[in-house]
Protein chains: 2
Amino acid sequence: MNNVQEESLRDQKKSRRRRQILEIARGIIAAKGLRSLKVRDVAEAVGCSVGSVYNEFGDFDGVILTVNRETVQALTARLRGVPAEDPVRQLYGLAETYLDFFAGHANLLRSLFEHRMEDDRPYPDDILQMVMDAFALMHPPLVRLLPDADDVKIALLSRTLFSAVHGIISLGLEERMVAVPPQMLRQQIEQFLDVHLGGLGILPQR
Amino acid sequence: MNNVQEESLRDQKKSRRRRQILEIARGIIAAKGLRSLKVRDVAEAVGCSVGSVYNEFGDFDGVILTVNRETVQALTARLRGVPAEDPVRQLYGLAETYLDFFAGHANLLRSLFEHRMEDDRPYPDDILQMVMDAFALMHPPLVRLLPDADDVKIALLSRTLFSAVHGIISLGLEERMVAVPPQMLRQQIEQFLDVHLGGLGILPQR
DNA sequence: TACTCATATGAACATTGTTCAATTTAACTC
DNA sequence: GAGTTAAATTGAACAATGTTCATATGAGTA
């Protein structure tokens with residue numbers, strides 16, 4: 001039995017293939033939507049059998065969920081990169097970053113928010129938790145801007161704001177529905193924040 | 001050749017079966033979600049062959065789209081029923097009515113907003129138009145409340161508000177994600193409108 | 001090298017949307 | 001009412017796709 005830090009040839013191939021499968025699957029979802037993702041297409045593109053996909057991920061939902069997990073991780077990383085010096089600018093930055101990410105990866109985000117499990121199996125807890133964590137990123141700047149509000153109020157407000165922005169973006173980018181051009185969407189979101197922060201007694205100062 | 005207003009036995013059976021198919025399909029979507037809708041289940045429940053479903057609706061998307069069409073019609077009817085005397089009350093009423101409808105028919109609304117067509121066939125224009133019309137229901141009360149704003153601004157604002165409320169509700173009711181209890185959601189939406197209308201210079205006066 | 005067992009394979013199966021040749025039946029004619 | 005016709009209905013067969021599992025392969029080990 002070898003030591004922990006050593007990686008056998010087996011493990012190398014395994015993790016290499018695992019990465020390949022995810023890369024191909026993500027590419028297909030991003031390009032043609034979740035509905036166009038097929039086990040056989042993935043297996044062929046990777047150069048392995050369909051059985052290997054199942055060995056690696058258990059079932060096809062496993063592939064999708066892993067892609068979704070990485071999507072929310074990437075989103076959160078981007079959101080964490082928004083400068084936090086000025087809380088007002090941070091709020092605008094969070095919304096605009098979300099818009100950029102959504103516009104650039106619309107199908108990946110739709111996969112995250114719209115995918116339903118087979119039967120009624122529960123959605124993995126860690127993904128839910130990560131989405132909640134992303135929601136909570138508006139919390140700190142709001143606390144700074146509304147020092148007198150209690151924590152529960154702020155938590156509710158941050159979820160409300162995030163959901164509202166999500167709604168504006170996701171419907172706005174729904175090309176089959178309304179198809180607002182991204183540049184106009186940006187303006188729409190800025191105005192939304194102007195008004196809403198104004199309503200909270202926070203002067204935009206942009 | 002008979003006259004127009006007469007309905008042949010054939011047509012009676014046809015339209016009766018058409019209604020049955022839609023009823024069953026809507027029931028399945030409402031109860032177990034769009035993913036659980038199967039042609040064979042519908043055919044068996046209606047008591048006809050799968051071929052008849054295809055004769056009537058062309059393909060399975062046709063059934064789904066017809067259910068969706070009736071969903072948005074029902075929603076619009078409910079929204080039109082909101083009293084229009086007081087424009088502020090009307091805005092709150094529209095949001096709350098949307099919440100009630102969404103809470104009562106979550107799977108049907110998800111089918112409306114999340115269903116993707118096979119291949120990349122376009123979504124039927126009339127459904128899109130009806131969704132846009134529903135969006136526009138906030139337009140008249142906003143015009144009354146902001147008589148100095150130009151029409152384009154109002155149109156944008158009404159779409160923004162509708163999308164924001166939609167986001168708060170659809171994510172709030174997403175049981176796998178956050179699962180805000182409906183009563184709390186109602187409060188959340190009222191507060192959201194309080195703040196946002198306040199930011200627009202409209203005093204809540206509820 | 002020989003042996004062992006984890007992994008990979010892909011043919012076979014299960015489910016589900018779709019088609020269409022054969023059958024049934026309403027509508028019409030006499 | 002019997003016969004004719006055209007349209008609707010049927011369901012077996014097909015196609016696409018997720019899933020399984022007996023078998024083959026090959027990495028690890030002595």
Side-chain angles (χ1 to χ4, degrees), chain A residues 1-22 24-25 28-29 32-67 111 115-121, chain B residues 1-22 24-25 28-29 32-67 111 115-121:
Chain A
M1 188 60 67
N2 269 326
N3 231 340
V4 184
Q5 58 263 37
E6 246 189 273
E7 202 185 27
S8 65
L9 177 56
R10 244 180 207 160
D11 292 347
Q12 282 179 40
K13 289 173 81 170
K14 187 188 181 79
S15 76
R16 175 176 148 74
R17 163 132 62 195
R18 188 182 171 87
R19 258 177 294 131
Q20 283 182 308
I21 292 174
L22 289 174
I24 298 286
I28 293 175
I29 296 176
K32 301 189 296 176
L34 183 56
R35 271 195 77 160
S36 300
L37 187 66
K38 318 284 166 175
V39 213
R40 283 171 178 73
D41 292 348
V42 173
E44 190 184 4
V46 170
C48 70
S49 67
V50 295
S52 294
V53 177
Y54 278 80
N55 286 341
E56 197 58 47
F57 292 95
D59 59 11
F60 208 48
D61 267 357
V63 181
I64 298 167
L65 290 176
T66 307
V67 170
S111 169
H115 174 58
R116 314 268 157 211
M117 307 281 289
E118 201 61 58
D119 309 309
D120 282 321
R121 276 184 298 176
Chain B
M1 188 59 65
N2 271 325
N3 232 340
V4 184
Q5 58 263 34
E6 246 187 276
E7 201 185 28
S8 65
L9 178 54
R10 243 181 209 161
D11 292 347
Q12 282 178 43
K13 290 173 81 171
K14 188 187 182 76
S15 75
R16 174 177 147 74
R17 164 134 49 186
R18 188 180 171 86
R19 257 178 295 130
Q20 282 182 309
I21 292 173
L22 289 174
I24 298 285
I28 293 176
I29 295 176
K32 300 190 296 175
L34 184 54
R35 273 195 75 161
S36 300
L37 187 67
K38 317 284 163 168
V39 213
R40 284 171 178 76
D41 292 348
V42 173
E44 190 183 6
V46 170
C48 69
S49 68
V50 294
S52 294
V53 177
Y54 279 80
N55 287 341
E56 197 57 47
F57 292 95
D59 59 10
F60 207 48
D61 266 358
V63 181
I64 297 167
L65 290 175
T66 308
V67 171
S111 170
H115 174 56
R116 316 266 155 212
M117 308 279 290
E118 201 62 56
D119 310 310
D120 281 320
R121 276 184 297 177

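Residue numbering restarts at 1 for every chain, and letters A, B, ... go by the order of the sequence lines. Side chains included, hydrogens not; waters and symmetry mates left out as well; all remaining heavy atoms used.
Remark: B:Ser52 is in phosphate contact with D:dT10, judged by side-chain N or O atoms under 4.0 Å from OP1 or OP2. Between C:dT7 and A:Arg17, no contact under 4.0 Å exists linking OP1 or OP2 to a side-chain N or O. Checking the phosphate oxygens (OP1, OP2) of D:dT10, a side-chain nitrogen or oxygen of B:Ser49 falls inside 4.0 Å.
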### Message
Working note: A:Val67 + A:His115, criterion side chain to side chain contact (heavy atoms under 4.5 Å, CB included); need CA distance, chi angles, decisive distance, verdict.
### Response
CA-CA 11 Å; A:Val67 170; A:His115 174 58; over 6 Å; no
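Between A:Ser36 and A:Asp41 the shortest heavy-atom distance is O-OD2, 4.4 Å. Residues B:Val42 and B:Ile24 approach most closely at CA-CG2, 4.1 Å, considering heavy atoms. Residue A:Val39 comes nearest to A:Phe60 through the heavy atom pair N-CZ, 3.5 Å, listed as atom of the first residue, atom of the second, then distance.
For B:Arg16 and D:dT9, the CZ to P distance is 13 Å, given to the nearest whole Å. Taking atom OH of residue A:Tyr54 and atom P of nucleotide C:dA11, one finds them 16 Å apart after rounding to whole Å. If you measure from atom CE of B:Met117 to atom P of C:dG17, you get 15 Å, rounded to the nearest angstrom. Across the protein-nucleic acid pair, A:Asp61 atom CG and D:dT17 atom C1' stand 14 Å apart, rounded to whole Å. C:dT25 atom P lies 17 Å from atom NZ of B:Lys14, rounded to whole Å. A:Glu56 has its CD atom 17 Å from the C1' atom of D:dT19, to the nearest Å. Atom CG of B:Asp59 and atom C1' of D:dA15 are 15 Å apart (whole Å). The distance from atom CG of A:Leu37 to atom P of D:dA16 is 17 Å, rounded to the nearest whole Å.
Residue B:Arg40 is the one, among B:Arg40 and B:Glu118, whose nearest nucleotide of DNA chain D lies closer to the 5' end (criterion: closest heavy atom).
Proximity note for A:Cys48 (side chain, C-beta onward) versus C:dT9, D:dT17, D:dA13: the nearest is C:dT9. Checking D:dT9, C:dT18, D:dT20 against every side-chain atom of B:Val50, the shortest atom distance belongs to C:dT18. Proximity note for A:Asn55 (side chain, C-beta onward) versus C:dT9, C:dA12, D:dT10: the nearest is C:dT9. Among D:dT19, C:dT16, C:dT18, the nucleotide with an atom closest to any side-chain atom of B:Lys38 is C:dT16.
A:Phe60 comes within 4.0 angstrom of the backbone, heavy atoms only, and of no base.
Taking CZ of B:Arg116 as the reference point, atom NZ of A:Lys32 lies at 16.0 Å (rounded to 0.5 Å).
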